[in-house]
Every structure is written in structure tokens, then in C-alpha cells.
Amino acid sequence: MKNSKTNDKAPIWRCADFYVATFMLVVSAVAAWQIASIEVPQSRLLPIITLMLLIASAACLLWRTIRGERVTNALLLLFTRRESVLLAMILADYLLINILGFYTSAYIFLVASFLYIDGSYKKKTIIKSLIANLVFVVVLYVGFSGFLQLVLPRGFII
């Protein structure tokens, strides 16, 4: 995002970043309340780390806003076409997990998102994406099913 320092004395509550940072802090408070209800101490580690990162990000954004750095184009806060398509892909992946299974839907999602982000649909790029993502899904399979023995949604293939 393009930022600039402003010399105007507009109040910080007129800046979108102020509301984003405030929302992040509210989400942090709710998350802290939810984390406190986790009974197994070992299960709190990842949520606490995530909470700390969220609070740090909100604090940095709030500090930037207080110092007067503002987003110069409010349209930059909205989703671009690329982000909207990727969110639709994530939703499709979520909906297909129970039908195709975790590994198959993850593979299709990874290949499709890689090709979409890369923007190149050449034969070499497609083959490279198919192979690289297949290796990644095999590593996921070995890690999740082999080492961690997690039960993930199964589909008609895997």
C-alpha cells in the first residue's frame, strides 16, 4: 500500500487504518477470552503465538496511524480481482474437501492457485506446477497420515 505522511490535523478516527487496528484489537480481546477457556495448557501455545502476532500487528498499525501515516487511496483497502478469485478458490476447496478428500482437493487448489497467481499457462509451467504440488501433497500425506496419524476427510480418490 502506498503511504504518505500528512501534515493536516485531521483526527485519527477519520482514517481507515484506525478502524482496522481497533477491529484487530477487539478480535484480539475475544481471542484472548477464548484462549483462556482452553483447558489443556499445551494446546494454548499456537493460539497464544497467533494472538501475540495479531496484537503486535494492530499496535504497529495504530502507531503508524497516530504518527500521521495515512493510506492515500481508500480503494487499496478493498479486495482486488485477484484476491477475490483466490478467496473463491479457497471457498471451492473448502466445499470440495468432503467430496474429493483433503489431499485431492488440496492438490487441485494448489495447482489452480499456483497457475492463477503465476499467470502463465504454458506447458512447462503447468507441468512444473503439477509436479511441485504433487511432491508437496505427498509430503503432507506422509506428515499428517504417517507421522502425526491425523484422520482427515477422505474422498473417492484419497
Side-chain angles (χ1 to χ4, degrees), residues 1-119 129 132-133 136-137 139-145 147-155:
M1 277 189 229
K2 188 175 180 183
N3 294 326
S4 65
K5 274 213 173 218
T6 58
N7 292 329
D8 59 357
K9 298 297 179 186
I12 63 170
W13 56 84
R14 291 195 179 190
C15 179
D17 285 348
F18 173 75
Y19 293 104
V20 172
T22 303
F23 178 74
M24 290 169 67
L25 290 172
V26 168
V27 169
S28 299
V30 172
W33 174 56
Q34 291 294 318
I35 290 170
S37 68
I38 298 174
E39 295 178 5
V40 180
Q42 294 85 359
S43 299
R44 292 184 193 156
L45 181 62
L46 184 60
I48 288 174
I49 292 171
T50 306
L51 177 64
M52 289 171 33
L53 289 172
L54 183 62
I55 291 171
S57 297
C60 289
L61 183 60
L62 194 58
W63 176 250
R64 222 183 69 201
T65 303
I66 291 170
R67 286 184 37 210
E69 297 177 17
R70 304 282 195 264
V71 174
T72 57
N73 186 355
L75 292 176
L76 291 175
L77 296 174
L78 301 175
F79 286 121
T80 64
R81 180 177 186 268
R82 174 178 273 183
E83 291 166 334
S84 300
V85 170
L86 288 172
L87 282 173
M89 287 179 166
I90 291 170
L91 178 64
D93 180 49
Y94 173 75
L95 295 173
L96 290 174
I97 282 179
N98 288 328
I99 299 168
L100 300 176
F102 174 78
Y103 299 108
T104 306
S105 66
Y107 180 71
I108 292 170
F109 169 74
L110 288 170
V111 170
S113 61
F114 177 85
L115 292 174
Y116 181 73
I117 290 171
D118 188 51
S129 173
N133 289 309
F136 182 71
V137 169
V139 169
L140 280 177
Y141 180 77
V142 169
F144 286 160
S145 297
F147 292 123
L148 298 175
Q149 297 178 347
L150 292 177
V151 178
L152 296 171
R154 291 192 164 263

Roughly how far apart are [X] [atom1] and [Y] [atom2], rounded to 0.5 Å?
X    : Y    : atom1 : atom2 : value
I55  : L62  : CD1   : CG    : 12.5 Å
L100 : F109 : CG    : CZ    : 14.0 Å
I66  : L61  : CD1   : CG    : 10.0 Å
L115 : L110 : CG    : CG    : 11.0 Å

- Ring geometry between Y141 and Y103 (parallel below 30°, tilted from 30 to 60°, perpendicular above 60°): perpendicular

- Taking C-beta and beyond as the side chain, do I117 and L86 meet within less than 4.5 Å on heavy atoms? yes

- Any side-chain heavy atom of L96 within less than 4.5 Å of one from I108? no

- Task: Sorted by first residue and then second, give each side chain to side chain donor-acceptor pair (under 3.5 Å) pair with at least one member in residues 88-99; sequence neighbours left out.
- Result: D93-S105

- Message: Test: side chain to side chain donor-acceptor pair (under 3.5 Å). Region: residues 43-52. Which pairs qualify, not counting sequence neighbours?
- Response: none

- Item | Set of residues satisfying side chain to side chain contact (heavy atoms under 4.5 Å, CB included) with respect to A58, sequence neighbours excluded | M24, L25

- Task: Ignoring hydrogens and angles, tell me if any N or O in the side chain of D118 forms a donor-acceptor pair with the backbone of F114 under 3.5 Å.
- Result: no

- Message: Give me the atom names and distance for the closest heavy-atom approach of I99 to L95.
- Response: CD1-O, 4.0 Å

- Minimum heavy-atom distance R82-Y116, with the two atoms named: CA-OH, 3.6 Å

